[in-house]
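Just so it is clear, the values below take in all heavy atoms, side chains as well, and ignore hydrogens, waters and symmetry mates. Predicted, not measured: the structure shown is a model, and the values here were computed from it.
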Amino acid sequence: MKRSKFQPLLESLLLVIIVFVLHESCIYVKYDSIFTDRFKYSTPLLYLFFYSCSLIILFILIKMKEKNIDSVGQTFLLVTSIKMGLAYILLHPILKETSELITPEKSNFFLIFAEFLTIETVVTIRMLNKKQ
């Protein structure tokens, strides 16, 4: 295993750790822990889910880059679409809630989703810019 081959996985891990610490700090400052304990999905659980998806996506992209670098972009779109479907299934119970107390949880979910989409996109772009 070459370290440079799996560099995108290490980059994503570093970015996720930084973003998680910042996100948790903001939640701690803005909301009371009693309020956030009512979330259907805790923030660490969402980070774990999305990071697991990101690892799978990046691993698939690394393998695809080895076979045919021209297909990496299309593969990225396909696996990201699948991740969006899984995220919607996870989000559906939250969307059905009509209480105003659920609004911060919806915002938290979408923020985490956007963070991971950005991280995956940046890492993929960097991967594509380093053509062999």
Got L91 and F110 here, is their nearest side-chain heavy-atom distance under 4.5 Å?
-> yes
Straight-line distance of L13 CG to I18 CD1, nearest 0.5 Å = 9.5 Å
Going only through I, L, V, M, F, W and Y residues with side-chain contacts under 4.5 Å, is there a path from M84 to L55?
-> yes
Exam field: side chain K65 to backbone L128, donor-acceptor pair closer than 3.5 Å | no
Taking the inter-plane angle between the rings of Y41 and F109 on a 0 to 90° scale, is it parallel (under 30°), tilted (30 to 60°) or perpendicular (over 60°)?
-> tilted
Should I57 and S54 count as side-chain neighbours, where that means a heavy-atom distance under 4.5 Å?
-> no
Close side-chain approach of V19 and Y47, heavy atoms under 4.5 Å | yes
Indicate the atoms forming the closest heavy-atom contact of L117 with T121, along with that distance.
-> O-OG1, 2.7 Å
Hey, quick one: are I60 and V122 part of the same hydrophobic cluster, counting side-chain heavy atoms closer than 4.5 Å, chains of contacts allowed?
-> no
Honestly curious: do I56 and F59 fall in one hydrophobic cluster under the side-chain, below-4.5 Å linking rule?
-> yes
Closest non-hydrogen atom pair, F50 against E120 | O-OE2, 4.4 Å
Are side-chain heavy atoms of K67 and K63 found at a separation under 4.5 Å?
-> no
Find out whether L58 and T124 are in side-chain contact, i.e. whether some heavy atom of one side chain is under 4.5 Å from a heavy atom of the other.
-> yes
Counterpart residues, side-chain contact (heavy atoms from CB on, under 4.5 Å), relative to L111 (two or more places apart) = H23, E115
Give a yes or no answer on whether the side chain of S12 reaches the backbone of L9 with a donor-acceptor pair at less than 3.5 Å.
-> yes
Could K40 and E105 be called an ion pair, given the rule that one side-chain N must be under 4.0 Å from one carboxylate O?
-> no
Ring centre gap for F49 and F116 strictly below 6.0 Å | no
Reported CG-to-OH distance for the pair L15 and Y51, which is rounded to 0.5 angstrom = 10.0 Å
Under 4.5 Å between any side-chain heavy atoms of L46 and L90, yes or no?
-> yes
How far apart are the C-alpha atoms of E11 and I119, what are their side-chain angles, what is the distance that settles it, and do they pass the side chain to side chain contact (heavy atoms under 4.5 Å, CB included) test?
-> CA-CA 9 Å; E11 291 172 358; I119 289 170; over 6 Å; no
